[in-house]
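For the numbers below, each heavy atom of this structure counts, side chains included, while hydrogens, waters and symmetry mates do not.
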2 protein chains.
Amino acid sequence: MSGSGGSVPKGYDSSAYPSFAVTVDIVILTMWEGRLHVLLVRRGRDPYAGTWALPGGFKRPDETLDDAARRELREETGVIAPKHLAQFGAYGDPGRDPRTNVVTVAYLAVMPDPGGLRAGTDAAAVRLWPVADAVENLPLAFDHHRILSDAIDRAAEQLEQTDLATAFVGETFALSELQSVYEELWQAEIDPANFRRSLTTLTPTTASPDSYVTPTGKRAKASPRGGRPPELFRAGGAWSTQPPVRRPRRPKERPDEA
Amino acid sequence: MSGSGGSVPKGYDSSAYPSFAVTVDIVILTMWEGRLHVLLVRRGRDPYAGTWALPGGFKRPDETLDDAARRELREETGVIAPKHLAQFGAYGDPGRDPRTNVVTVAYLAVMPDPGGLRAGTDAAAVRLWPVADAVENLPLAFDHHRILSDAIDRAAEQLEQTDLATAFVGETFALSELQSVYEELWQAEIDPANFRRSLTTLTPTTASPDSYVTPTGKRAKASPRGGRPPELFRAGGAWSTQPPVRRPRRPKERPDEA
DNA sequence: CAAATAGTGTCTCTGAGACAGTATTGG
DNA sequence: CCAATACTGTCTCAGAGACACTATTTG
């Protein structure tokens, strides 16, 4: 405990503490064309200029971490109101940022399929990437690959415990849309009949004055490849007490071929 | 984006970033006399001198957050090897520390009933508090009350998903010890017969080459109030694939009295 | 018409919970 | 003996999964 206290704030006596920059980084997940996507930005300046990265930036002293996440989300991507935004981890390994000591607080954001923003517009500095590609093939700046992986793990967990699934869909939605959220994040197939039942019928254990989904009476248009048009539902209040779908415990058996 | 870059590190061009102190704070949970306890330290200096607080301290630039947590745990409490230590949140509200801008990263640590350390030795600056008391009655420094609450919530969640329960007990343990961990964290009673079955018998879904618990052949001494001496078990390898006990979904019904 | 998707009805069986009853200790 | 704790056996039933079948669209 040596070191003379230099320009430390008043009233603090000994052993100056080291100084860090604090950032927030945001993993924004959404469903696009039935697949899970993550929103990334291309960095315009060093370090890692030209590399894809999670949107984020420096926390300011007069704002909370949550506010910083909301602000950076808006400034860097134009996303105003994600349906879910929650912190899931902090990352502070030495050297994770070549500039200086940076500790980042990572956020998971979820939004429904965005109308304006589109994947594939390569000229833009912001685009959606399929998460499978982003995790397996794409080089990411800093330790953002690890942060992205952690975010996906966390999202998969939270599907079972919260109403997170409903954050991926719009105000009204077909049950098949919701089902694809679970299937993408859990990498598992779900029987549509059983999925429907678990959402539309309340059981003794999931007793609740409210329901998980309520029919709107309207129907979406059928898919271009035919099929019956699906009924549109709205999310109900039962999610807060008891999420309806539990993650399959038994992984799908692959039949042995002789 | 105004502001002249002042004394910023070399190679970084514009808009200096604000500086923070980064700390780690550790919520250490253990079972003591059948009840869940948290280890707190009494602060020796301002701010909050004399107030009970979570152990913790400043992160150094050359160590990871996990290393900082391990170091502070050792320096402040003498705990060398917790059976569980994992980060669960970051807290950075403006003004949470009156000295300066501090962002803290919170850790959950779990250890078996410590031999040396004892609750109730009031003269000491370190003691175990029953979590119920600490959450409801005890004034804590900074925002440590909120951090403690979050830690307990997280621990309760992780019981269902990981092998966290085994971190509360020693190398060998009676099943009733393990059961009390679940009952304390979930605030629910569990039928001992059903609890035993879920740990000692593997089912088709929990298929595993290994078991959850293996008998050691030894027995503990009976309690001072009588009772059959319990068999001692050792934790097996099946926890990593599929934790054995699921949190009750249906809260205990309180029978209506007419 | 066929293909594709939406939606209904029904069977099975795991495993969680309830609970009766036995075993072994201290007092 | 009784109280207390450990342990065994058995019944029931909710609910997850499998799956056959019907309904409504596009092409």
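The side chain of A:R196 lies closest to C:dT8, out of C:dT8, D:dG9, D:dA23. Listed candidates were C:dG17, D:dC7, D:dT25. Nearest to the side chain of B:P248 is C:dG17. The side chain of B:E231 has D:dC7 as its nearest neighbour among C:dA6, D:dC7, D:dG17. Considering only side-chain atoms of A:D191, the nucleotide from D:dC19, C:dA6, D:dA4 that sits closest is D:dC19. Side-chain proximity of B:S176 to C:dT8, D:dA6, D:dA4: nearest is D:dA6. Residue A:A193 places its side chain closer to D:dC19 than to any other of D:dA4, D:dC19, D:dT24. Minimum atom distance to the side chain of B:A222 is reached by C:dG26, of the listed C:dT24, C:dG26, D:dA23.
Looking only at distances, a side-chain donor or acceptor of A:H145 sits under 3.5 Å from a matching main-chain atom of A:V135.
More than 12 heavy atoms of other shown residues, nucleotides or ligands fall within 6.0 angstrom of atom CZ in B:R154.
Protein atom CD1 of A:I190 is 11 Å distant from nucleotide atom P of D:dA18, rounded to whole Å. The distance between atom CD of A:Q242 and atom P of D:dA16, rounded to the nearest whole Å, is 10 Å. Counting to the nearest Å, the P atom of D:dT5 and the CZ atom of B:F173 are 20 Å from each other. Nucleotide D:dT8 holds its P atom 7 Å from the CZ atom of B:R228, rounded to whole Å. Rounded to whole Å, the distance from CD on A:E177 to C1' on C:dT5 is 13 Å. Taking atom CG of A:L202 as the reference point, atom P of D:dA14 lies 15 Å away to the nearest angstrom. Rounded to whole Å, the distance from CD on A:E183 to P on C:dT5 is 12 Å. One can place NZ of A:K221 at 15 Å from P of C:dA6, the figure rounded to the nearest angstrom.
Judged by atom type and distance alone, B:R197 reaches the base of C:dG17 through a side-chain donor-acceptor pair under 3.5 Å. For D:dA18, the base has a donor-acceptor partner in the side chain of A:N194 [N/O atoms by modelled type, under 3.5 angstrom].
Look at B:R225 and you'll find a side-chain N or O under 4.0 angstrom from OP1 or OP2 of D:dT5. OP1 or OP2 of C:dG7 lies within a sub-4.0 Å distance of a side-chain N or O belonging to A:R219.
Each of B:S198 and A:L175 was assigned the nucleotide of DNA chain C with the nearest heavy atom; the assignment lying further toward the 5' end belongs to A:L175.
Using a 4.0 Å heavy-atom cutoff across all strands shown, A:P192 reaches no nucleic acid atom at all.
B:I26 is not listed as a side-chain neighbour of B:T77, based on a closest heavy-atom distance of 4.5 Å or more. Proximity of A:R219 to A:E231: side-chain heavy atoms (C-beta onward) are separated by under 4.5 Å at one or more points.
Counted by atom type alone, B:Y91 and B:D25 present zero donor-acceptor pairs between their side chains at under 3.5 Å.
Heavy atoms only, all atoms of each residue included: B:A90 and A:V105 are closest at CB-CG2, 3.9 Å.
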